[in-house]
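Here is the structure we will look at.
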There are 2 protein chains.
Amino acid sequence: MNIDEKRTAIIFKALCDENRVKILKLLGTGEKCACKILEELNVTQPTLSHHMKILCDSEIVFGRKEGKWMYYSISERGADQAKEILNELTVINGEDCNCCK
Amino acid sequence: MNIDEKRTAIIFKALCDENRVKILKLLGTGEKCACKILEELNVTQPTLSHHMKILCDSEIVFGRKEGKWMYYSISERGADQAKEILNELTVINGEDCNCCK
DNA sequence: GCAACAAATAGATATTTGTCAATGTGTTTT
DNA sequence: AAAACACATTGACAAATATCTATTTGTTGC
């Protein structure tokens with residue numbers, strides 16, 4: 001696989017904000033509606049909406065609309081992709097560098 | 001494991017910038033000195049230094065000094081920790097939310 | 001259609017981040 | 001010791017980000 005840097009940055013942006021990590025932890029107990037997530041965080045509704053967008057852009061979180069509610073859950077597919085990229089980026093293939101010795 | 005949100009954000013900050021992803025890809029072929037990495041990126045030396053600090057703060061990258069050179073490599077330990085956190089954050093344990101139904 | 005509700009969008013603002021030029025620090029070489 | 005080199009730190013600045021208030025959009029129930 002050849003990793004796209006821009007896409008990788010978008011994916012892991014999901015995980016580099018405290019509130020978004022909290023949201024993922026909440027989603028770990030299963031699908032949640034936005035209103036429920038909002039209760040658990042100390043942010044306004046628009047701020048939550050902003051974070052949910054970033055999480056969905058990463059594809060680690062999946063959102064579905066049902067009537068006037070939005071339900072969010074962790075996407076196994078998206079999570080697996082993030083894991084695969086993390087694996088690829090941290091595998092060590094080569095030799096030590098002697099360029100400066 | 002109970003995941004610390006602040007620490008998690010610091011760890012994954014390593015992966016949410018294009019240049020840092022490029023650096024990780026370079027380190028995938030083994031330990032490299034800063035000067036070699038600098039050749040491959042379109043940034044100045046202080047900018048590289050800044051990125052290397054963020055990568056080392058995440059502990060995904062390890063730096064060692066040898067004389068006037070800095071050698072960087074991927075830390076298996078740090079990478080494993082990032083993988084473990086990503087796993088924990090994307091495992092689904094619970095039931096679907098019925099709170100709004 | 002209208003009121004009530006849930007979520008998204010727009011606009012404003014403070015903070016954080018990525019970047020560079022200039023300078024400082026520590027090491028090697030002459 | 002002085003010069004050269006590799007890297008870190010500082011300070012400045014523009015761009016991106018997180019947050020809020022106000023408003024808009026879309027859905028439900030009267």
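Letters A, B, ... are given to chains in the order of the sequence lines, protein chains preceding strands, and every chain is numbered from 1. What you see below is based on every heavy atom in this structure, not just the backbone, and it leaves out hydrogens, waters and symmetry mates. Since this is a predicted model, take the numbers as computed values, not measurements.
- Spacing between atom CG of A:D17 and atom C1' of C:dT16 amounts to 11 Å, rounded to whole angstrom units.
- Expressed to the nearest 0.5 Å, how far CG of A:N19 lies from NE2 of A:H51 amounts to 4.5 Å.
- For a distance-only test at 3.5 Å, the side chain of B:Q45 fails to qualify as a donor-acceptor partner of the base of D:dA6.
- Distance A:I10 CD1 to D:dA16 P: 13 Å, rounded to the nearest Å.
- Taking 4.0 angstrom as the limit, B:T47 places none of its side-chain polar atoms (N or O) nearer than this to OP1 or OP2 of C:dG18.
- The CG-P distance, from B:L38 to D:dA8, rounds to 11 Å in whole Å.
- Distance, A:E18 CD to C:dT15 P: 16 Å, rounded to whole Å.
- In this structure, the side chains of A:Y72 and A:E31 stay at 4.5 Å or more apart for every pair of heavy atoms.
- Note on B:L41: nothing from the nucleic acid sits closer than 4.0 angstrom, heavy atoms only.
- Residue contacts shown for A:K53 are absent, as no nucleic acid heavy atom lies under 4.0 Å away.
- Counting any heavy atom pair closer than 4.0 Å across all strands shown, A:H50 reaches a base atom.
- Taking atom NE2 of residue A:H51 and atom P of nucleotide D:dT17, one finds them 12 Å apart after rounding to whole Å.
- Each of A:G67 and A:N19 was assigned the nucleotide of DNA chain D with the nearest heavy atom; the assignment lying further toward the 5' end belongs to A:N19.
- For A:R20, counting side-chain heavy atoms from C-beta on, the closest listed nucleotide (D:dT9, D:dG26, D:dA18) is D:dA18.
- With rounding to whole Å, B:W69 atom CH2 is found 17 Å from D:dA4 atom P.
- When all heavy atoms of B:E5 and A:V21 are compared, the pair lying nearest together is CG-CG1, 3.8 Å.
- Nearest nucleotide to the A:T44 side chain, out of D:dT10, C:dT9, D:dT21: D:dT21.
- At least one side-chain heavy atom of A:L24 sits less than 4.5 Å from a side-chain heavy atom of A:L15.
- A:M70 places its CE atom 12 Å from the P atom of D:dT27, with the value rounded to the nearest Å.
- As a whole-Å value, the separation of B:R64 CZ from D:dA6 P is 16 Å.
- Where A:K68 and A:K13 meet DNA chain D, the nucleotide closest to each residue was compared, and A:K13 sits on the side nearer the 5' end.
- Pairing each heavy atom of A:I11 with each of A:S58, the nearest pair is O-CB, 3.5 Å.
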